[in-house]
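Take a look at the structure below.
Hydrogens, waters and symmetry mates are skipped; everything else that's a heavy atom, side chains included, is used.
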Amino acid sequence: METATKSKPKTQNQNQNQGNQSGANKNVGDFFGKLYSFNVSLKLYHWHVTGKGSYAEHMALDQALETLADALDRIVETTYALLENIDITVPETPTPQNIVQHCSEFYDYIKEEREDLFTEDFSDSIIDDFQEAIQQLLYRLKKLQ
């Protein structure tokens with residue numbers, strides 16, 4: 001039984017970072033900090049939900065927070081196994097004013113950043129889970145009030 005993982009070809013940026021492991025770790029650490037901050041921003045918004053449709057919104061956020069926390073934990077732990085050390089910095093996290101816009105913009109941020117940071121198929125799969133949870137949250141926020 002073979003246990004090797006399939007990897008995608010590295011981009012030019014990844015090849016440059018390979019010689020500078022601390023640079024790659026910093027970029028990944030910043031990305032993870034932003035993922036964590038996004039989760040916290042959803043919790044901050046969740047605590048402020050009131051009014052018509054608030055129960056559906058509250059429950060949609062609860063569901064997303066659980067799924068996102070699991071995906072974040074999985075991607076951080078598997079990346080630690082690969083890189084051995086990551087310096088994660090969590091940026092300041094304000095409460096979002098427009099939750100749909102906030103989630104949509106963060107989804108796009110992940111889409112832009114992920115290709116330069118992760119080459120392993122299993123890492124991509126976990127990031128897919130994170131993005132899927134955001135899309136499911138957006139669906140619930142827009143359609144199930």
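Note: Asp62 CG to Leu137 CG = 11.0 Å, rounded to the nearest 0.5 Å. Atom CG of Leu141 and atom NZ of Lys143 lie 12.0 Å apart (nearest 0.5 Å). For the atom pair CG of Leu117 and CG of Asn27, the computed distance is 6.0 Å after rounding to the nearest 0.5 Å. To the nearest 0.5 Å, atoms CD1 (Ile99) and CG (Leu138) are separated by 9.0 Å. Atom NE2 in His48 sits 13.0 Å away from atom CD in Glu57 (nearest 0.5 Å).
Between Gln136 and Glu132, some side-chain heavy-atom pair lies under the 4.5 Å cut-off. Counting heavy atoms from C-beta outward, Glu120 and Thr78 have side chains that stay 4.5 Å or more apart. Using a 4.5 Å cut-off on side-chain heavy atoms (C-beta onward), Leu68 and Leu72 make no contact. The shortest side-chain heavy-atom distance between Leu42 and Cys103 falls under the 4.5 Å cut-off.
Under the salt bridge (charged side-chain N to carboxylate O under 4.0 Å, His left out) criterion, the residue pairs touching residues 28-48 are Lys26-Asp30, with sequence neighbours excluded.
Judged as a ring-ring contact (aromatic ring centres under 6.0 Å, His included), and not counting sequence neighbours, the contacts of Phe106 are Phe38, Tyr109. For Ser41, the side-chain hydrogen bond (donor to acceptor under 3.5 Å, both in side chains) partners two or more places apart in sequence, or in a different chain, are His102. Thr67 meets the side-chain hydrogen bond (donor to acceptor under 3.5 Å, both in side chains) test with no other residue; sequence neighbours excluded. Scanning for side-chain contact (heavy atoms from CB on, under 4.5 Å) contacts around Asp70 gives Arg74, with sequence neighbours left out.
The six-membered or imidazole ring of Phe118 lies near that of Phe31, with a centre-to-centre distance under 6.0 Å.
Annotation for Tyr36: atom OH does not count as buried by contact number, only 12 or fewer foreign heavy atoms lying within 6.0 Å. For Tyr139, the OH atom sits in a loose shell: 12 or fewer heavy atoms of surrounding residues, nucleotides or ligands are nearer than 6.0 Å. Heavy-atom neighbours of Glu66 CD from other residues, nucleotides or ligands within 6.0 Å: at or below the threshold of 12.
Judged by distance alone, with hydrogens and angles left aside, the side-chain atoms of Asn25 form a donor-acceptor pair with the main-chain N or O of Asn85 at under 3.5 Å. The backbone N or O of Asp124 lies less than 3.5 Å from a partner atom in the side chain of Arg114, making a donor-acceptor pair.
The minimum heavy-atom distance between Lys111 and Gln131, with the atom names listed, is N-NE2, 3.6 Å. Closest of all the heavy-atom pairs between Asp129 and Ala71 is CB-CB, 4.5 Å.
Val100 and Met59 fall into different hydrophobic clusters, defined by Ile, Leu, Val, Met, Phe, Trp and Tyr side-chain heavy atoms under 4.5 Å apart, directly or through other members. Follow the hydrophobic side-chain contacts under 4.5 Å out from Leu65 and you reach Trp47 in the same cluster.
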Side-chain donor-acceptor pairs of residues 86-96 under 3.5 Å, sequence neighbours excluded:
from	atom 1	to	atom 2	distance (Å)
Thr93	OG1	Ser37	OG	2.6
Thr93	OG1	Pro91	O	3.0

- request: Show your working on side chain to side chain contact (heavy atoms under 4.5 Å, CB included) between Ile134 and Ile110 and close with a plain yes or no.
  value: CA-CA 11 Å; Ile134 294 172; Ile110 294 170; 3.8 Å; yes

query: Phe32 and Thr79: side chain to side chain contact (heavy atoms under 4.5 Å, CB included), yes or no, with the steps?
result: CA-CA 10 Å; Phe32 289 159; Thr79 305; 3.5 Å; yes

